[in-house]
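Predicted model only: the values in this text are computed from it and were never measured.
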Amino acid sequence: MASISFKNVKKTYDNGVQVVKGFDLEVADKEFIVLVGASGCGKSTTLRMIAGLEDITEGELWIGDRLVNNVPPKERDIAMVFQSYALYPHMTVYDNMAFALKLANEPKDVIDAKVKEAAEILGLTDYLDRKPKALSGGQRQRVALGRAMVRKPAVFLLDEPLSNLDAKLRTEMRSQLSHLHKKLETTFVYVTHDQTEAMTLGTRIVVMNAGVIQQVDTPRNLYTKPVNKFVAGFIGSPTMNFSDAVVVEKEGGVWLDFAGYSVKLNEEKAVVLKEKGYIGKEVIFGIRPEDVYEYADYSEKEKIENATLTAEVDMYELLGSDVILYFYVGENKFTAIVNPATEARTGDTVKFAFDVNNMHIFDKETEYIICH
């Protein structure tokens, strides 16, 4: 078992492109941490630096109490599971899982015990004599996990391991990975661009953008307390709605004026904006689709009378238990997750209401949070 420590780690390629910039992170022993971000943000490069597959340009990387900058991959006590499974097609499941142990000259009885134990945990006992081509995608991914498990590494590294699976299999494998982490009590570092995987698997999530850590926090805090507009927009599906607005003081309160509309803020947000000198200044506000209601469907209308707007429904989308209504606020397309019994359809004019208690307000210049 092992902790992982990044101390101002940077990665610059020979062409001068810096893909990881001043990476500082402490991963606790037995933690399941997820690196998430758009393609090209540096998350896979970071994982490969832990594995020793990429050299570190600057900074220090520690696994446990050992500095590993110059330690070869085979001596780092890690196991990596790739997106492509990387199974040997001519070998059986048993031989694929046993391969690393045979290379290490483990005794046959030890190899047999470790392979069968991993196969039992992963539900592969009935498939040990099959070759990869006779397996489904989910089964192949479990074999790749089993091949890593038998080595009993201190750290598991997983690079988008579910991206080749269909939606149903991804859901099943997420559950299996979570159970596996609890059973093995080993440090997991998981890379994905899929925020659903990140939110459901990680004890903490590292949100990255352009080689820089934006926020490290629990899934709940990332969703409810994003530190900046990037995190707020990246986490959540459908994505958070955003609009520029001007903070104004009028009618005994603090309001946001935007795109011809005006919304009154609650006392808590009003105090923060006044104390920080934002009256008369432009800001960005964000609100999640589930915090935008159909006014007609809201039970306590008097509470939201000062936070309403009327817009034409640009698109109606039924998603089983939810309905999403799309509409424009100025030039910004907004979404609202509403009661599936709604009668609103594309082209209808609807009165919407915002839950101002769950509004996020960001500085226009820095895009960092002012108040939640």
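Taking the six-membered ring where the residue is Trp, Tyr261 and Phe258 present tilted rings, their angle falling between 30° and 60°.
Under a 4.0 Å N-O distance rule, the pair Asp217/Lys225 does not qualify as a salt bridge.
Partners of Asn15 under the side chain to side chain contact (heavy atoms under 4.5 Å, CB included) rule, at least two apart in sequence or in another chain, are Tyr13, Val17. Under the rule for a salt bridge (Lys or Arg N to Asp or Glu O under 4.0 Å), Glu317 has no partner lying at least two apart in sequence or in another chain. In this structure Arg48 satisfies the side chain to side chain contact (heavy atoms under 4.5 Å, CB included) test together with Leu53, Glu54, Met80, sequence neighbours excluded. Every residue was checked against the side chain to side chain contact (heavy atoms under 4.5 Å, CB included) condition with Pro89, not counting sequence neighbours, and none meets it. By the salt bridge (Lys or Arg N to Asp or Glu O under 4.0 Å) test, Lys131 pairs with no residue at all, sequence neighbours left out. For Lys114, the salt bridge (Lys or Arg N to Asp or Glu O under 4.0 Å) partners two or more places apart in sequence, or in a different chain, are Glu106. Qualifying salt bridge (Lys or Arg N to Asp or Glu O under 4.0 Å) partners for Lys74, counting only residues two or more places apart in sequence or in other chains: none.
Other cluster members for Met240: Phe242, Ile284, Phe362, Ile369, joined by side-chain heavy-atom distances under 4.5 Å among Ile, Leu, Val, Met, Phe, Trp and Tyr. In the hydrophobic clustering, where aliphatic and aromatic side chains (Ile, Leu, Val, Met, Phe, Trp, Tyr) are joined below 4.5 Å either directly or transitively, Leu67 groups with Trp62.
Within the structure, side chain to side chain donor-acceptor pair (under 3.5 Å) contacts touching residues 165-176 (residues at least two apart or in different chains) are Arg174-Thr200. Sorted by first then second residue, the salt bridge (Lys or Arg N to Asp or Glu O under 4.0 Å) pairs that include residues 359-372, not counting sequence neighbours, are Asp244-Lys364. Evaluation of the side chain to side chain donor-acceptor pair (under 3.5 Å) test over residues 37-46, restricted to residues two or more places apart or in two chains, returns Ser44-Asp159.
When only modelled atom types and interatomic distance are considered, Asn339 and Glu294 share no side-chain donor-acceptor pair under 3.5 Å.
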